[in-house]
Amino acid sequence: METISVSNLNVFDNTFDLRRDLHLFMDYVSSREIKRTHRSNQLPKADTKRLAKLMDVESVALEEIAEHGSSGWVDTVDELALSLGFIDYDVKGVYAGYSSQSPSFPDNYIEFNQDKYEEFLQKRLGQQERTLFNCVMDLAHNEFFTYSVLGTLRPFTSRGSATGVMPTLDFTKIRAFLLDELDELEGGVWYSTANWIAHIKRTNPYFLIPKKPKYKAYRGKSPVRYGNFYESEKEWGYDYGRDAIPDNAPNGFERVEGRYIERFLEGIPLLLRYIDVAYRRESYKGLYPTMGQLAAFRVNKHFLQFMRGELGKPRVTVQPNYEVHIESAIFPGYTLSKLKPLGDIVADDTVIVLKLDKRKVAAEAAADENLDVVKLLTDMSDRELPQNIQVELRDWVSQSEKFVLYSGFGLLESSRKRVKAADPFSAEPINENVRLVRNPHKLYLALEEAEYFPLLIRHTDEKLRVLPKQARTVFRTERGSKSGRQGGGKTRGKGKPKSKPELKIKQHTLITLHLPDKETLAVVRHALTAARCPIEGDSNALTLTYGLNNEKAVKDVFKQLEKEYKIVIEELPHV
């Protein structure tokens, strides 16, 4: 095989990562309700734009959205997620009436299939890749007649393709053959496409069309080998008066099979980043569709690892500076699903770098009391965790203790260990004399009826009410006084009263935003995160919490959001 220099070629900078964007797509759709368009069943333009930005394809997608109302790349990821079973939505539609020519899709919301997605994440990297590969192979379209989502080569006209040799070709088998041929090449080396085509012509000239092909006849016509393939002098539109490519043309293989090989390369292999490609810079001069424009390609090593069953698990290394380095041949979806909640991604290249964050670690530990962060990182890491990381993580987790706020309950204090009349109202014992009770007002009436002498005190949201002087309580009411009598007395003995000791108290006030739905939560969270506002979110409770010291920064973010949304903030009543 002939190698080639690409110094005079345009190398396609493939920043598209189908695996990464599939997980970004799932993270996006799982956190909001998305209603697909009524007529075309597409993703709404607003969601397509946000997804394009998340996937870092905004510069390409915005032009497509403006012209066609959708993005080819975002639609590809959407189609893949549906085919894998990660999401579900109506693809058949309904016909509005007898005169309706096409189906419509009213109230067609995307449903997130969490179990199916989690099942995929739990698979080993090689198994994930095999699942993805098989799905892409099943979704592949005829490369002769369709554009590649990433490529630039124009297809053949589909004129007459329902007859002749075309309907009889087994493209699954054809693609498998070419992938096996790529597997024979050396990784990281640029090869001449023309030379590879010549190699296949020498070794297996009938890989595409059999030596003795079968034909699907039409109205008694006798089809010929290349009867489905027409060339044109026009770039746009075809010279329908021209005959098909002759079977006896000396360069017939290059004009048909060679063109297919070029379009195959910028199809599945380019989509899955199995190869890189380079195109000629000079303008094309010749018959269309273009031929020989994809001048070079190189096979990436992770494709060879996949084909040979050598895709290993990601290599995770935790550094003393709180960075977690993740090295993987392909995007490590499962590993990131476990580590991303614990920090922020600061680099996303051949090595993904995640910085552990104290607040996020504490929040995850609070949300899942069974989570052992040190064990999680130890199990994933290929070396022992640095000692300072182990100590810090345990300290961070210790700050994740939760408290439960009971609304509509009360505390019952009693000098007796057992008050039978209160048993039906008891919710939680605290000690022998104090318990948490339901319906304090009803309990008060029950105690009176049982001939006790209860005292009902209701505190306000602003401050605790002062108890009457004769009231006794187990709680300390004044520094230095014994529990049991409210208030203090005059200073006993002679001399000046002792100076009061100083209590130094630090206060940190938090503000909580309550969002109406997951979509609004995602929009606000994304805007605050982009502005680097430190926030804590709870997807289940639909809340975002931030410190009072960040209130101005949050208001600035809302001002920016007002360019796109009408924002109404309502103060919740005190409970």
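We use all heavy atoms of the structure for the numbers below, so side chains are in, but hydrogens, waters and symmetry mates are not.
- A side-chain donor-acceptor contact under 3.5 Å links Asn41 and Asn108.
- Scored by the side-chain hydrogen bond (donor to acceptor under 3.5 Å, both in side chains) test, Asp138 finds no partners at all (sequence neighbours excluded).
- Contacts of Asp372 classified as salt bridge (charged side-chain N to carboxylate O under 4.0 Å, His left out), with partners at least two apart in sequence or in another chain: none.
- A donor-acceptor pair under 3.5 Å links the side-chain atoms of Lys355 to the main chain of Asn321, judged by distance alone.
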Practice task
Check the pair Leu294 / Ile261 against side-chain contact (heavy atoms from CB on, under 4.5 Å), numbers first and verdict last.
Solution key: CA-CA 10 Å; Leu294 196 157; Ile261 289 172; over 6 Å; no

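- Using a 4.5 Å heavy-atom threshold, the side chains of Arg130 and Phe306 count as touching.
- The existence of a salt bridge linking Arg32 and Asp517 is excluded, since no basic side-chain nitrogen approaches an acidic carboxylate oxygen closer than 4.0 Å.
- Residues passing the side-chain hydrogen bond (donor to acceptor under 3.5 Å, both in side chains) test with Arg20: none are found, sequence neighbours excluded.
- Under the 3.5 Å distance criterion, with hydrogens and angles disregarded, no donor-acceptor pair is assigned to the side chains of Glu327 and His325.
- Within 6.0 Å of the CD atom in Gln319, the count of heavy atoms belonging to other residues, nucleotides or ligands exceeds 12.
- For residues 111-122, every residue pair satisfying the side chain to side chain donor-acceptor pair (under 3.5 Å) rule, not counting sequence neighbours, is listed here: His23-Tyr117.
- For residues 139-153, the set of pairs meeting the side chain to side chain donor-acceptor pair (under 3.5 Å) definition, not counting sequence neighbours, comprises Glu143-Arg175, Glu143-Tyr260, Tyr147-Arg154.
- A heavy-atom distance below 4.5 Å is not found between the side chains of Val554 and Ile511.
- Here the straight-line distance linking atom CG of Leu150 with atom CG of Leu270 works out to 5.0 Å at 0.5 Å rounding.
- Between the Ser337 side chain and the Tyr334 main chain, a donor and an acceptor come within less than 3.5 Å of each other.
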Exercise for the section: Take Tyr322 and Ile389, measure what side-chain contact (heavy atoms from CB on, under 4.5 Å) needs, and give me the verdict at the end. Expected result: CA-CA 7 Å; Tyr322 307 100; Ile389 296 296; 3.3 Å; yes

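- A donor-acceptor pair under 3.5 Å is formed between the side chain of Thr193 and the backbone N or O of Ala296.
- Side-chain atoms of Gln390 and Glu384, non-hydrogen and from C-beta on, do get closer than 4.5 Å to each other.
- The side-chain heavy atoms of Ile87 and Asp78, taken from C-beta on, include a pair separated by under 4.5 Å.
- Salt bridge annotation for Asp344-Lys360: present, with a cationic side-chain nitrogen under 4.0 angstrom from a carboxylate oxygen.
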Practice task
In sequence, state the C-alpha distance, the side-chain angles, and the governing distance for Phe86 and Val29, and then conclude on side-chain contact (heavy atoms from CB on, under 4.5 Å).
Solution key: CA-CA 10 Å; Phe86 297 165; Val29 300; over 6 Å; no

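- With rounding to the nearest 0.5 Å, the separation of CG in Leu82 from OH in Tyr89 is 4.5 Å.
- Taking the six-membered ring where the residue is Trp, Phe16 and Trp73 present perpendicular rings, their angle passing 60° and hence far from 30°.
- To the nearest 0.5 angstrom, Asp90 atom CG is 11.0 Å from Asp107 atom CG.
- Listed by chain and residue number, Asp183 satisfy the side-chain hydrogen bond (donor to acceptor under 3.5 Å, both in side chains) test with Arg308 (two or more places apart in sequence, or in another chain).
- The closest side-chain heavy-atom distance from Leu436 to Leu411 is below 4.5 Å.
- Side-chain atoms of Thr37 come within 3.5 Å of backbone N or O of Gln42 as a donor-acceptor pair.
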Problem - CA sep, side-chain torsions, deciding dist, call: Thr76, Asp21, side-chain contact (heavy atoms from CB on, under 4.5 Å) - result: CA-CA 10 Å; Thr76 298; Asp21 291 349; over 6 Å; no

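- Inter-residue side-chain proximity for Phe105 and Arg36 is flagged as unmet; no heavy-atom pair is nearer than 4.5 Å.
- The salt bridge (Lys or Arg N to Asp or Glu O under 4.0 Å) analysis of residues 62-74, with sequence neighbours excluded, yields no pairs.
- Between Val299 and Glu186, every side-chain heavy-atom pair lies at or beyond the 4.5 Å cut-off.
- Taken from CZ in Arg19 to CG in Leu132, the straight-line distance is 6.0 Å, to the nearest 0.5 Å.
- Looking only at distances, a side-chain donor or acceptor of Asn388 sits under 3.5 Å from a matching main-chain atom of Pro320.
- Among pairs with a residue in residues 261-273, those fulfilling salt bridge (Lys or Arg N to Asp or Glu O under 4.0 Å) read Asp17-Arg273, at least two apart in sequence or across chains.
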Let me have the donor-acceptor pairs involving side chains of residues 52-60, under 3.5 Å, with sequence neighbours excluded, atom names and distances please.
none

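- Note: Leu18 CG to Phe331 CZ = 11.5 Å, rounded to the nearest 0.5 Å.
- In terms of the ring-ring contact (aromatic ring centres under 6.0 Å, His included) criterion, Phe558 has no residue partners (sequence neighbours excluded).
- Enclosure of atom CD in Glu562 by more than 12 non-hydrogen atoms of other residues, nucleotides or ligands within 6.0 angstrom is indicated.
- Minimum heavy-atom separation, Lys338 to Leu376: O-CD2, 4.1 Å.
- Looking at residues two or more places apart in sequence or on another chain, you find a side-chain hydrogen bond (donor to acceptor under 3.5 Å, both in side chains) between Lys563 and Gln560.
- Using modelled atom types, one finds a donor on one side chain and an acceptor on the other under 3.5 Å when comparing Asp47 with Tyr28.
- Under the 4.5 Å side-chain criterion, counting only non-hydrogen atoms from C-beta, Val318 is not in contact with Thr378.
- Here Arg359 pairs with Glu536 under the salt bridge (charged side-chain N to carboxylate O under 4.0 Å, His left out) rule; sequence neighbours left out.
- Between the side chain of Thr520 and the backbone N or O of Leu515 there is no donor-acceptor pair closer than 3.5 Å.
- A distance of 6.0 Å separates CG in Leu182 from CZ in Phe297, rounded to the nearest 0.5 Å.
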